[in-house]
Peer 1: 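Starting off with a structure, shown below.
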Amino acid sequence: MEGEGETSTWNKETVPKVIKIVSTRLSQRDLISLLLVNPCLHRTLISCPSLWLGIDLREMNNTGDRLIAALSLPRYQHVKQINLEFAQDMDDTHLEVLRNECLDSLQGLESLNLNGCQKISDKGIEAITCCCPKLKVFSIYWNVRATDIGVKHLVKNCKHLVDLNLSGCKNLSDKSLQLVADNYQELESLNLTRCVKMTDSGLQQVLVKCSFLRSLNLYALSSFTDEVYKKISLLSLLRFLDLCGAQNLSDEGLSCIAKCRKLLSLNLTWCVRVTDVGVIAIAEGCTSIEFLSLFGIVGVTDKCIRALSKFCSNTITTLDVNGCIGIKRRSRDDLLKLFPHLTCFKVHS
């Protein structure tokens with residue numbers, strides 16, 4: 001009898017405690033599989049609300065129906081994160097059903113990833129954002145159906161956004177940037193990669209009004225001019241800046257960016273007008289920099305590398321100078337002598 005009592009205690013007390021600890025390290029898909037093992041395990045897992053704050057349906061089939069079914073379950077009544085990245089079958093109809101049937105479950109949602117969901121249009125954006133007043137992170141990478149109207153719905157319905165990814169949304173214009181600047185002045189991260197319709201006028205509004213930005217991605221946007229690049233200096237909290245392909249960026253513009261003293265990561269790949277002058281300004285101004293790509297810039301020489309070594313040798317861990325034919329001492333051994341903490345020598349392949 002004593003042995004049976006110990007076994008009962010083990011099953012009722014010890015096993016649930018162990019499961020609660022282990023389950024925090026499991027993926028959502030593994031958790032769902034565990035629910036089916038036995039009733040005891042099912043009860044234990046369901047009793048942990050923190051395990052069911054996220055729904056991850058990345059790259060899955062029948063995503064829309066799966067999400068609707070999940071949000072109808074009591075365990076997902078307080079969901080905070082939903083990831084639908086590359087859920088190819090997700091469309092406006094599913095989002096409208098969510099608005100009509102799952103409104104209460106989405107009231108506390110803080111993060112929504114719709115990356116690669118190319119069937120979603122402005123109509124779908126309106127439907128889902130009106131359910132999520134507490135949304136803080138919104139990502140809709142590679143959506144060519146979204147327009148300025150969709151962004152208008154976003155800023156109307158979600159007032160607390162701090163992280164916005166519009167990468168690859170090629171039909172967004174300066175109107176969207178104006179909406180962002182006027183409504184998200186506490187924004188911390190903005191990705192405008194390949195938003196090719198945007199101009200100096202729209203970006204300037206963001207740079208002037210969104211002073212809390214810590215991350216700004218302007219990858220593959222060659223139409224901006226040096227005048228607007230100079231205004232990046234207004235972002236005193238900036239830590240990440242991607243200017244890959246900024247063909248109009250000059251040393252003067254880069255010298256202004258050097259006023260962003262907290263900058264840790266800077267991508268200057270194919271910024272073909274930049275010379276030693278601009279890079280030396282970065283070395284002197286951004287002494288905490290950890291990541292720097294000068295890939296493909298033929299106008300820089302060993303002179304700027306010496307300056308970087310003088311001011312940033314203790315912080316730089318990634319430095320890409322491939323294709324910089326003016327830098328003669330750019331072998332792995334040469335760079336390690338100047339930057340002893342280097343671990344990455346090639347960003348682009």
Peer 1: Give the minimum heavy-atom separation between Cys131 and Ala127, together with the two atoms involved.
Peer 2: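 The pair with the smallest heavy-atom distance is SG-O, 3.4 Å.
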Peer 1: CG/Asp320 to CD1/Ile297 distance, rounded to the nearest 0.5 angstrom?
Peer 2: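 Here the rounded value is 10.0 Å.
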Peer 1: Could I get the full list of side chain to side chain donor-acceptor pair (under 3.5 Å) partners for Glu252, not counting sequence neighbours?
Peer 2: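 For Glu252 the side chain to side chain donor-acceptor pair (under 3.5 Å) partners, ignoring immediate neighbours, are Lys230.
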Peer 1: Under a single-linkage rule joining Ile, Leu, Val, Met, Phe, Trp and Tyr whose side-chain heavy atoms are separated by less than 4.5 Å, which residues share a cluster with Val162?
Peer 2: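 The other cluster members (ILVMFWY side chains, heavy atoms under 4.5 Å, direct or chained): none.
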Peer 1: More than 12 non-hydrogen atoms from neighbouring residues, nucleotides or ligands closer than 6.0 Å to CZ on Arg330, yes or no?
Peer 2: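 Counting other residues, nucleotides and ligands, CZ of Arg330 exceeds 12 neighbours.
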Peer 1: So for atom CD, which belongs to Glu186, do other residues, nucleotides or ligands contribute more than 12 heavy atoms lying within a distance under 6.0 Å?
Peer 2: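 At most 12 heavy atoms, drawn from other residues, nucleotides or ligands, come within 6.0 Å of this atom.
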Peer 1: To the nearest 0.5 Å, what is the distance between SG on Cys312 and CD1 on Ile282?
Peer 2: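 So the gap between those two atoms works out to 9.0 Å.
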Peer 1: Are Leu292 and Thr318 side-chain neighbours, meaning at least one heavy-atom pair lies under 4.5 Å?
Peer 2: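 Side chain of Leu292 against side chain of Thr318, heavy atoms only: no contact under 4.5 Å found.
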Peer 1: Between Val206 and Leu192, is any pair of side-chain heavy atoms under 4.5 Å apart?
Peer 2: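 Of all side-chain heavy-atom pairs linking Leu192 with Val206, none is under 4.5 Å.
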Peer 1: Say whether, by atom type as modelled, one donor and one acceptor occur between the side chain of Asp91 and the main chain of His94 under 3.5 angstrom.
Peer 2: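 Confirmed, Asp91 side chain pairs with His94 backbone.
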Peer 1: Say you draw a straight line from NZ of Lys346 to CG of Asn322; how long is it, rounded to the nearest 0.5 Å?
Peer 2: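 CG of Asn322 is found 6.0 Å from NZ of Lys346.
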Peer 1: Hey, does the side chain of Ser309 reach the backbone of Ile305 with a donor-acceptor pair shorter than 3.5 angstrom?
Peer 2: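 Answer holds: no.
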Peer 1: Filter on salt bridge (Lys or Arg N to Asp or Glu O under 4.0 Å), then keep only pairs touching residues 269-295, sequence neighbours left out; what's left?
Peer 2: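 Pairs touching residues 269-295 that pass the test: none.
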Peer 1: Do other residues, nucleotides or ligands put more than 12 heavy atoms under 6.0 Å from the CZ atom of Arg261?
Peer 2: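 Yes - once you tally the heavy atoms of other residues, nucleotides and ligands closer than 6.0 Å, there are more than 12.
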Peer 1: Check salt bridge (charged side-chain N to carboxylate O under 4.0 Å, His left out) between Glu59 and all other residues, then give those that pass, not counting sequence neighbours.
Peer 2: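 None.
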Peer 1: Below 4.5 Å, heavy atoms only, C-beta onward: do Arg329 and Leu338 meet side chain to side chain?
Peer 2: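 The answer is no; the side chains never approach within 4.5 Å.
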Peer 1: Per the ring-ring contact (aromatic ring centres under 6.0 Å, His included) rule, what does the pair list look like for residues 49-87, sequence neighbours excluded?
Peer 2: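 Qualifying pairs: Trp52-Tyr76.
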Peer 1: Give me each pair satisfying ring-ring contact (aromatic ring centres under 6.0 Å, His included) with a member in residues 222-248, each pair once, sequence neighbours excluded.
Peer 2: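 Listed by first then second residue: nothing to list.
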Peer 1: Just jot down the ring-ring contact (aromatic ring centres under 6.0 Å, His included) partners of Trp142, sequence neighbours excluded, or say none.
Peer 2: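 Residues passing ring-ring contact (aromatic ring centres under 6.0 Å, His included) with Trp142: none at all.
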Peer 1: Does any pair with a residue in residues 92-118 pass salt bridge (Lys or Arg N to Asp or Glu O under 4.0 Å), and if so which ones, sequence neighbours excluded?
Peer 2: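 Passing the test, one end in residues 92-118: Lys80-Glu110, Glu96-Lys123.
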Peer 1: Side chains of Arg43 and Ile46, heavy atoms from C-beta outward: is any pair under 4.5 Å?
Peer 2: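 Arg43 does not reach Ile46 side chain to side chain.
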Peer 1: How many angstroms lie between atom OG of Ser215 and atom CG of Leu190, to the nearest 0.5 angstrom?
Peer 2: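 If we round to the nearest 0.5 Å, Ser215:OG and Leu190:CG are 8.5 Å apart.
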Peer 1: Does anything in residues 336-345 pair up under side-chain hydrogen bond (donor to acceptor under 3.5 Å, both in side chains), and if so which pairs, sequence neighbours excluded?
Peer 2: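 side-chain hydrogen bond (donor to acceptor under 3.5 Å, both in side chains) check on residues 336-345 returns no pairs.
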Peer 1: If you define the side chain from C-beta out and look only at heavy atoms, does anything of Leu35 sit under 4.5 Å from Arg75?
Peer 2: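 Leu35 vs Arg75: side chains touch.
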Peer 1: So do the side chains of Asp89 and Asp65 get within less than 4.5 Å of each other, counting heavy atoms only?
Peer 2: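 In short, these two side chains do not touch, never coming nearer than 4.5 Å.
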Peer 1: Tell me whether Ile55 is reachable from Met60 by hopping between hydrophobic residues (I, L, V, M, F, W, Y) whose side-chain heavy atoms are closer than 4.5 Å.
Peer 2: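 Both belong to a single hydrophobic cluster.
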Peer 1: Count the heavy atoms of every other residue, nucleotide or ligand shown that sit under 6.0 Å from CG of Leu53, and state whether that count exceeds 12.
Peer 2: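 Yes, enclosed.
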Peer 1: Is it true that atom NZ of Lys136 has more than 12 heavy atoms of other residues, nucleotides or ligands lying nearer than 6.0 Å?
Peer 2: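 Atom NZ in Lys136 is not packed in, count stays at 12 or less.
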Peer 1: Taking all atoms of both residues into account, what is the closest heavy-atom pair of Cys169 and Cys195, and its distance?
Peer 2: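 Heavy-atom minimum between the residues: O-SG, 3.8 Å.
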Peer 1: Can you tell me which residue pairs pass the ring-ring contact (aromatic ring centres under 6.0 Å, His included) test with a partner in residues 152-189, sequence neighbours excluded?
Peer 2: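 Sorted pair list comes back empty.
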Peer 1: Evaluate the side-chain proximity of Tyr141 to Asn191: yes if any heavy-atom separation is below 4.5 Å, no if none is.
Peer 2: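 Side chain of Asn191 against side chain of Tyr141, heavy atoms only: no contact under 4.5 Å found.
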Peer 1: What residues, two or more places apart in sequence or in another chain, satisfy side chain to side chain donor-acceptor pair (under 3.5 Å) together with Asn267?
Peer 2: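 So Asn267 forms a side chain to side chain donor-acceptor pair (under 3.5 Å) with Asp242, Thr269.
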Peer 1: Are Tyr219 and Val196 linked, directly or through intermediate hydrophobic residues, by side-chain heavy-atom contacts shorter than 4.5 Å (ILVMFWY only)?
Peer 2: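 Different clusters: Val196 never reaches Tyr219 through Ile, Leu, Val, Met, Phe, Trp or Tyr contacts under 4.5 Å.
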Peer 1: Do Asp174 and Ser201 have side-chain atoms, one donor and one acceptor, less than 3.5 Å apart?
Peer 2: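 Result is no, nothing qualifies.
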Peer 1: Distance from Leu109 atom CG to Thr129 atom OG1, nearest 0.5 Å?
Peer 2: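 Rounded to the nearest 0.5 Å, the CG-OG1 separation comes to 11.0 Å.
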Peer 1: Thinking salt bridges, do Lys209 and Asp182 make one under a 4.0 Å N-O criterion?
Peer 2: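 Counted as a salt bridge, because a side-chain N and a carboxylate O are separated by less than 4.0 Å.
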Peer 1: For a 4.5 angstrom cut-off between non-hydrogen side-chain atoms, does Leu67 reach Leu57?
Peer 2: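 The answer is yes, as the side chains (C-beta and beyond) meet within the 4.5 Å cut-off.
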Peer 1: Supply the atom-to-atom distance Ser33 OG to Leu31 CG, rounded to the nearest 0.5 angstrom.
Peer 2: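 Reported value, rounded in 0.5 Å steps: 8.5 Å.
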Peer 1: Which residue pairs pass the ring-ring contact (aromatic ring centres under 6.0 Å, His included) test when at least one of the two sits in residues 258-290, sequence neighbours left out?
Peer 2: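 Of all non-adjacent pairs touching residues 258-290, those that pass ring-ring contact (aromatic ring centres under 6.0 Å, His included) are Trp270-Phe295.
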